K.L.:
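Below is one structure. I have some questions about it.
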Amino acid sequence: VGRRLTREMPLVMYGLVDDRRGQDFAASDRTLKVSNASRSTAQTLRSLLFGKPKTTSLTWEDFSHLKADAEAVCDLLKAASRSRTRGINILLHGAPGTGKTAFASALAARAGLHAVFVGECAEEGEEPDREQRISALALAQKLSSQSEGLFLVMDEAEDIFVGVDEAR
């Protein structure tokens with residue numbers, strides 16, 4: 001069991017089992033919530049695994065100032081979705097409060113995709129740490145590999161640009 005429950009193994013890496021150090025492992029809060037869910041519709045499970053989806057009152061037209069660049073990115077996502085190409089990465093860069101998250105929502109809607117915001121909150125609505133964000137992304141990538149029409153969005157992406165070995 002000890003060899004199976006290392007940081008590099010999927011159950012720990014995806015945040016389904018917590019490593020409490022010293023060979024002490026336990027089901028994560030996420031796993032317990034899913035296992036105790038009274039209903040298991042796709043939407044309920046998605047909410048338990050990834051959190052409640054963000055909504056925005058902004059529309060595609062609210063980002064018309066991005067013009068051709070926004071249309072090019074949207075066309076890229078549409079083509080990738082049609083051809084079932086995985087792993088398209090788009091980096092939105094800008095100062096806090098400039099609408100990157102709202103744009104991601106509008107972009108997903110325009111491309112006909114369902115935006116799943118990954119690693120948005122830890123248990124009880126707290127801000128997740130780097131390790132929690134990375135495990136949420138790894139789980140979302142694994143689970144979404146068999147799904148169509150999902151657009152994974154990770155705010156605070158700087159967490160994934162730092163080397164994994166530098167977490168501690």
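Position 1 is the first residue of the sequence; numbering continues from there. These numbers come from a predicted model, not from an experiment.
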K.L.:
Considering only residues two or more places apart or on different chains, which pairs with a residue in residues 94-104 satisfy salt bridge (Lys or Arg N to Asp or Glu O under 4.0 Å)?
P.N.:
none

K.L.:
Could you list the residues that satisfy side chain to side chain contact (heavy atoms under 4.5 Å, CB included) with A80, not counting sequence neighbours?
P.N.:
T85, I88

K.L.:
If we only count heavy atoms from C-beta on, is the L137 to Q141 side-chain gap below 4.5 Å?
P.N.:
yes

K.L.:
Could you tell me which residues satisfy side chain to side chain contact (heavy atoms under 4.5 Å, CB included) with R82, sequence neighbours excluded, listed by chain and number?
P.N.:
K78, A79

K.L.:
Which atom names give the shortest non-hydrogen contact between L58 and A102, and what distance separates them?
P.N.:
CD1-CB, 3.6 Å

K.L.:
Between L32 and V17, is there a shared hydrophobic cluster once you connect ILVMFWY residues whose side-chain heavy atoms come closer than 4.5 Å?
P.N.:
no

K.L.:
How close do V153 and A115 get, heavy atom to heavy atom, and via which atoms?
P.N.:
CG2-CB, 4.4 Å

K.L.:
Measuring from L92:CG to L107:CG, what's the distance to the nearest 0.5 Å?
P.N.:
7.5 Å

K.L.:
I need the full list of ring-ring contact (aromatic ring centres under 6.0 Å, His included) pairs touching residues 69-105, with sequence neighbours left out, sorted by first then second residue.
P.N.:
W60-F103, F63-F103

K.L.:
D75: what forms a side chain to side chain donor-acceptor pair (under 3.5 Å) with it, not counting sequence neighbours?
P.N.:
none

K.L.:
Rounded to the nearest 0.5 Å, what's the gap from CZ on R110 to OG on S105? Could you check?
P.N.:
15.0 Å

K.L.:
Return the CG to CG distance between L16 and L11, rounded to the nearest 0.5 Å.
P.N.:
6.0 Å

K.L.:
Using 0.5 Å steps for rounding, measure from the CG atom of D18 to the OG1 atom of T31.
P.N.:
7.5 Å

K.L.:
Out of curiosity, K67 NZ to H65 NE2, how far, rounded to the nearest 0.5 Å?
P.N.:
9.5 Å

K.L.:
Would I90 and L77 count as a side chain to side chain contact (heavy atoms under 4.5 Å, CB included) here? Give the steps.
P.N.:
CA-CA 10 Å; I90 301 163; L77 288 177; 3.8 Å; yes

K.L.:
Could you grab the distance from atom CZ of F25 to atom CZ of R20, nearest 0.5 Å is fine?
P.N.:
11.0 Å

K.L.:
Got a sec, which residues hit side chain to side chain donor-acceptor pair (under 3.5 Å) with S81, two or more places apart in sequence or on another chain?
P.N.:
none

